[in-house]
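Input: a single structure, listed below in structure tokens.
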Amino acid sequence: MERITKHPIIESFDKGRKVAFTFDGKTMEGFEGEPVAAALKANGVMIHRYTEKRHEPRGIFCAIGRCTDCVMVVDGVPNTRTCVTLLKEGMDVRTQYGKGGTEYEKI
Amino acid sequence: MNTSDVLIIGAGVVGCAAAYYLRKNGVSVTVLESDMIGNGGSSRNGGGVRISGRDPRELGICAYGVKNIWPTLSEELGIDVEYRQKGYLVCGYDDSHKRLIKDRINTAAKFGIKMELKEEEEIRSLYPYVSEHVTCAGWTPSDGVANPLKTTLGYYIRARENGARFITGEKVLCIEKIKGRARKVITESGNVYEAESIILACGYGGRKILNSVGIEVLMQKKLEEVIVTEPAPRLFDHMIGGMSGFYGQQTEHGSFVLGSSCGRETYLFNKSNTVSTYSAPSFICDSIGVDIPALKKLKVIRTWSGWIDRSYDAVPIIGNIEEVPGLFVSIASSGHGFGPGPAVGFILSELAQGRPSPVDISKLHYDRFDYVKYQDRYFVSDVGGSFS
Amino acid sequence: MSKIIDRSADIGEFVPEKDDDILVCRCEEITKGEIRKAVHMGLYTMTEVKRFLRPTMGLCQGQICGENVRRIIAKELKEPIEALKETTARPPVRPIEMEVFGNEVEKL
Amino acid sequence: MRRYDVCIIGAGPAGLSAAIEAQKLGMKSAVFDENHRPGGQLFKQIHKFFGSKEHMAKIRGFEIGKELLEEAKNVGVDVHLDAVVMGIYEPHRITVREDDSITSYSADSIIVSTGASEKTIPFEGWTLPGVIGAGAAQTMMNLYGVRPGKKILMMGSGNVGLVVGFQLLQAGCEVAALIDAAPRIGGYGVHAAKLARCGIPFYLSHTVVKAEGNGKVEKVTIAEIDKNWEFIPGTEKTFDVDTVCLAVGLTPMSQLLRMAGCKTKYAGGTVPVCDKFGETSIKGLFASGDVSGIEEASSAMIGGKISAVGAAFRCGFINEKEREQKYDEYSLSLFKLRKGLFSKENKGRTDITKTDEGIDLSMTLFKKGYMTEEELKKFVRNSEIKGPHPVIECTQNIPCNPCEDSCSFGCIHVGNEISAVPKFDENKKCRNCKMCVASCPGQAIFIVDNDIGDGYASVSFPYEFCPLPEIGEKGFALGRDGKDLCVAEIIDVTTNKAFDSTAVVTMKVPKEMSMTARFYRKEVPVNE
């Protein structure tokens, strides 16, 4: 479990209610209002997308919405910055392949 | 030291192409650029390579490029300029637009170019991504798009490699004649360059330089703005434009590059640079959303703008100038100079070598605005002015 | 006044380096070697390299790689980093949906 | 178009301080922030701040954030959150995305306080998931309670690397090592010492050769570099870590200022050319905080106030005399913070070998993150002192003085020059209240009693980990280098509100260990 349950300084983390969402169709749990990226990380998901040219995996890098490396297809919308997109009940989060197709076009 | 056969002022697509073709013939070339390579309209346009919707006077040049240069340009330069001849769809919304499209079809036909009118039903089935707002459209299969950045820089890279001397940051102040012929150029830094012939292809900045040899051209600066979206899977591969004034393409890279203007730019705060106005990008997004709703969800990642050097009749000024022998110009592209750019570069290189232009450019002469009688007034088209 | 640069001046040959394969621009997947080669093709400004190769032109608009690209080009030209002009900063500062960008409202 | 007297971009320490000051000076102020939560980086800063009382020293960053936000609301600042400033236009107009629309705001003055973003350093494998910015690690663990990784390699030994390294430990992560290409630890020695006594090794003149793994970081190789930044063959070391944190510096987020067209210069990043009020080459456009040059949050807060003063004058809310008075007051406060070994002019210097007091600086502290006893002896006299007394291991002229304020018995002296090295006044009597131990933002004060009978000494030290040791518990006393020294027994654990989550733990160690034992771990050695 990647969640911090006890912290010497921070008494409690400001969290919403527990909600279910899906990652590539698999149901996962997270807290409403936390970034999608945090919920994924807590569930052990490291790979957010595969790049267009080299098909290389990418994940969280800056976590504050600047680097755009953590983008995924969220509720059908590609290039969604998961580190600044807040989790909602029932969200459909998918690994992004290249520009946003769900799989690489095999030519 | 600063002497060459031909001196080119302006390292845009025309200047770089001219340098490239001159070097191909072994002519020594120096290119003076006040800014950097291709930082004017050559980089700031929608990448349209079209013959349709052109004024009859410039149609010949455009057709020459599409026939003789564009199809083999990537191969010739060894650099992919991303040219694709997949047609151009211009969207109309009412009967007046339909009439305009029909006019264009007639003009095109005179030059043997195929252009069709698409009625509503066909639009719905062929171009499902345009909205019901679009009720008529002009379709020109021989039109296409290219990557302006790679085209301009591609010409530059090869011209430089073949020995053309490019000097950037060197702003030309004036041209001087020697024994009646344009031979000398003096720059802001005080440097003097000499050549047998001079090609002037530096957009609006050319006006002042022409003034230095007593020539005035009728032109005006106009800001045009562009939005660039995130890359997306391919939606269409043709050029698109609308009677609302927008134009653009989905690039090879996948992003959409769409330009327009909100009409208010000229009246806005006096801008010293070319960062977009606060008003145009929103207007462009709004208007494109109406025509192509599929793009509404796409994210805009950048906007930019650039100056259009627009002539009085929105048609370029190309060719020699009798009063200044040895001087050849391409200015006032009027916002649609990229597509014909390579051809214009080639033609100027021919003229500078004392050869005739392969196409008739006599009607693009700079003094065509003089001695005009009421009945001869050229049609001034606002719509046609910005369809690069 | 911009700096006068003779693009035919000798900047030396392109010499391969061990780390040429490392990605510099994460968005557009451009390597250090590609950027260095572009400089030797005559692209001496950040803007030219950007327009030709696309580094700093992706989703993040150079927020991550911009400074690294600048440093690489400057080094190749044997110039200090500050001698190299940055690319123009332009709106929007963050990606924004076209429908939102187009929805300009007045709040009073 | 909505109008304010002043629009402030960025609700971090500089922006919020500017907004509060501007509102207090009578200006109708609004602050815009793209984030859901305001405070900028403050809410990720869980350590106690340095400085003096006027700089909110010894208060944790996130508490300062809360206070600033509260005050901003109380004085009537309009705080726009989830409000992304998309562009800035002449003369003084900004476009802001709020919800699903764009709105223009205008103001007579604009203060840009957009802060900084992290620099990066490309290496083989740096795009693998698991290579993250140190800021990303902070965001994940301190804002959202999610550990960035299990085992982490920290790249960069500036204050960010040191502070985040420690926070990673606090979050329950393992830190494999801290590495830096520079030959010296860049941040405060006291921050490094906190890590060193937890046993974290420092590798200086080292950088990452490559990160490898299947779909994520699994292994990282580092190597020593020579003066030309070339790897020295044979010096490679490999760590089985799942995360690499990059803390290789910050660069101002100057896009908006550049967009506005103001004059800039290069100073480790693009910064605007400003006057003493932070006014750029464009009249009425100000820059404050990290965007005008990287510093600490404490200086950003003062910088924000100064730019608000400048803006108030520019818009006619105060006259020139008032402006200069305010400026003098704030600049004095700023001046105090900008002194010492880590000040701008001393940054990166390796030729300084003595403190302002003329004492030899610890070179081991620069190399390994801790001091040798010999080096410490130049600062601290201990053996002859009877009874409990503070041993202050703060030796680098850091502008900070909460220790002085914390002692109601006047035992600790710093003086007006807050960057002076603090001294224990042996003529005063320490009452063992331990307030100084808990107050020191650098956790560099220990209460030592050389003789508590039976050949034992006691050492009290600050403790900010979970779980707390229990009284009576036995474990190992650790040296400054984090190595096991001897068996220790916990004889006291003090927590109270005034200590603000810092526990002060007291352990009993053999007498001869009183000046070497500085930390503790619970694991009982096998032989015991």
Side-chain angles (χ1 to χ4, degrees), chain A residues 1-16 28-72 81-87 95-96, chain D residues 34-37 40-41 43-44 46-48 60 62-63 82 84 115 117-118 120 125-133 135-150 167 169-173 213-217 242-243 246 253 463-468 500-503:
Chain A
M1 191 58 189
E2 316 254 359
R3 295 223 185 247
I4 301 166
T5 46
K6 217 168 161 15
H7 194 282
I9 312 298
I10 306 162
E11 279 173 36
S12 69
F13 293 97
D14 188 13
K15 282 193 194 111
M28 289 182 171
E29 271 185 348
F31 294 99
E32 191 173 55
E34 71 180 349
V36 170
L40 289 171
K41 178 82 194 138
N43 282 282
V45 175
M46 294 291 286
I47 300 172
H48 288 220
R49 67 177 181 113
Y50 289 92
T51 61
E52 169 82 9
K53 265 198 206 167
R54 298 187 172 202
H55 299 196
E56 284 176 355
R58 294 285 171 85
I60 296 169
F61 185 64
C62 82
I64 48 170
R66 299 207 180 123
C67 75
T68 65
D69 241 337
C70 69
V71 297
M72 300 176 85
R81 293 173 296 159
T82 54
C83 67
V84 290
T85 302
L86 306 183
L87 188 69
T95 306
Q96 179 167 328
Chain D
E34 64 176 315
N35 296 296
H36 185 58
R37 304 182 192 208
Q41 303 309 302
F43 281 91
K44 301 167 195 176
I46 59 168
H47 60 283
K48 293 176 177 171
R60 296 186 192 273
F62 65 96
E63 299 288 356
D82 288 314
V84 193
S117 62
E118 295 185 283
T120 59
W126 79 300
T127 56
L128 269 179
V131 178
I132 58 172
Q138 268 193 321
T139 306
M140 298 303 279
M141 64 186 173
N142 295 345
L143 278 189
Y144 303 114
V146 177
R147 283 186 199 98
K150 287 189 180 70
Q167 290 173 359
L169 295 175
Q170 291 179 307
C173 307
N214 182 18
K216 56 184 197 290
V217 174
D242 59 12
T243 305
L246 306 184
M253 292 242 301
Y463 198 84
E464 289 190 351
F465 294 102
C466 285
L468 283 179
D500 183 15
S501 303
T502 309

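Lettering of chains follows the sequences in order, A, B, ..., and the numbering in each one begins at 1. Worth saying up front: this structure is predicted, and the values here are computed from it rather than measured. Only this structure's heavy atoms are used, side chains among them; waters, hydrogens and symmetry mates stay out.
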Notebook entry, point to check: Ser501(D) and Pro8(A): which non-hydrogen atoms are nearest, and at how many Å?
Noted result: CB-O, 3.7 Å
Check: Which distance, rounded to the nearest 0.5 Å, do you find between the CZ of Arg60(D) and the CD1 of Ile9(A)?
Finding: 3.5 Å
Next item on the list: Evaluate the side-chain proximity of Asp14(A) to Arg37(D): yes if any heavy-atom separation is below 4.5 Å, no if none is.
Entry: yes
Notebook entry, point to check: Between atom CD1 of Ile64(A) and atom CD of Gln138(D), what is the distance when rounded to the nearest 0.5 Å?
Noted result: 10.0 Å
Notebook entry, point to check: What's the verdict on side-chain contact (heavy atoms from CB on, under 4.5 Å) for Arg3(A) and Arg147(D), showing C-alpha distance, side-chain angles and the deciding distance?
Noted result: CA-CA 6 Å; Arg3(A) 295 223 185 247; Arg147(D) 283 186 199 98; 6.0 Å; no
Next item on the list: Output the distance between atom NZ (Lys6(A)) and atom SG (Cys466(D)), rounded to the nearest 0.5 Å.
Entry: 5.0 Å
Check: Can you check whether Pro148(D)'s main-chain N or O pairs, donor with acceptor, with Lys41(A)'s side chain at less than 3.5 Å?
Finding: yes
Check: How far apart are the C-alpha atoms of Asp242(D) and Met46(A), what are their side-chain angles, what is the distance that settles it, and do they pass the side-chain contact (heavy atoms from CB on, under 4.5 Å) test?
Finding: CA-CA 10 Å; Asp242(D) 59 12; Met46(A) 294 291 286; over 6 Å; no
Checklist line | Interatomic spacing from CG in Asp69(A) to OG1 in Thr127(D) - rounded to 0.5 Å | finding: 7.5 Å
Notebook entry, point to check: From Met141(D) CE over to Ile4(A) CD1, what is the distance, rounded to the nearest 0.5 angstrom?
Noted result: 7.5 Å
Note to self: Taking side chain as everything from C-beta outward and backbone as N, CA, C, O, which of these in Glu34(D) sits under 4.5 Å from a heavy atom of chain A? Side chain, backbone, both or neither.
What the structure shows: side chain
Item checked: Ion pair check, Glu2(A) and Lys150(D), cut-off under 4.0 Å -> yes
Check: Based on non-hydrogen pairs under 4.5 Å, which of Cys173(D), Ala171(D), Gly130(D) is most in contact with chain A?
Finding: Ala171(D)
Checklist line | Over all atoms of both residues, closest heavy-atom pair of Gly215(D) and Ile47(A) | finding: O-CG1, 3.4 Å
Note to self: I'd like to know which of Asn35(D), Ile46(D), Thr139(D), Thr502(D) tops the heavy-atom pair count under 4.5 Å against chain A.
What the structure shows: Ile46(D)
Next item on the list: Please determine, among Gly59(A), Ser12(A), Pro35(A), the option with the most heavy-atom pairs under 4.5 Å with chain D.
Entry: Pro35(A)
Notebook entry, point to check: About how many Å separate CD of Glu56(A) and CG of Leu128(D), when rounded to the nearest 0.5 Å?
Noted result: 7.5 Å
Next item on the list: Find out whether Ile10(A) and Asn142(D) are in side-chain contact, i.e. whether some heavy atom of one side chain is under 4.5 Å from a heavy atom of the other.
Entry: yes
Next item on the list: Under 4.5 Å heavy-atom distance to chain A, tell me which part of Lys44(D) shows up: side chain, backbone, both or neither.
Entry: side chain
Next item on the list: Go through the atoms of Leu246(D) and report whether side chain, backbone, both or neither lie under 4.5 Å from a heavy atom of chain A.
Entry: side chain
Check: For His47(D), is it the side chain, the backbone, both or neither that has a heavy atom under 4.5 Å from a heavy atom of chain A?
Finding: neither
Next item on the list: Please state whether the side chain, the backbone, both or neither of Tyr463(D) comes within less than 4.5 Å of a heavy atom of chain A.
Entry: neither
Next item on the list: Quick one: closest heavy-atom pair of Met140(D) and Ala63(A), and the distance?
Entry: SD-CB, 4.4 Å
Margin query: Within a 6.0 Å radius of atom NZ on Lys216(D), are there more than 12 heavy atoms belonging to other residues, nucleotides or ligands?
Written below: no
Margin query: Counting only non-hydrogen atoms closer than 4.5 Å, does Thr120(D) touch chain A with its backbone (N, CA, C, O), its side chain (CB onward), both, or neither?
Written below: side chain
Item checked: Contact origin within Arg58(A) toward chain D - heavy atom pairs under 4.5 Å -> both
Note to self: Quick check on Tyr144(D) against chain A: is it the side chain, the backbone, both or neither that has a heavy atom closer than 4.5 Å?
What the structure shows: both
Next item on the list: Against chain A, label Met253(D) side chain, backbone, both or neither, depending on which of its atoms sit under 4.5 Å from a heavy atom there.
Entry: side chain
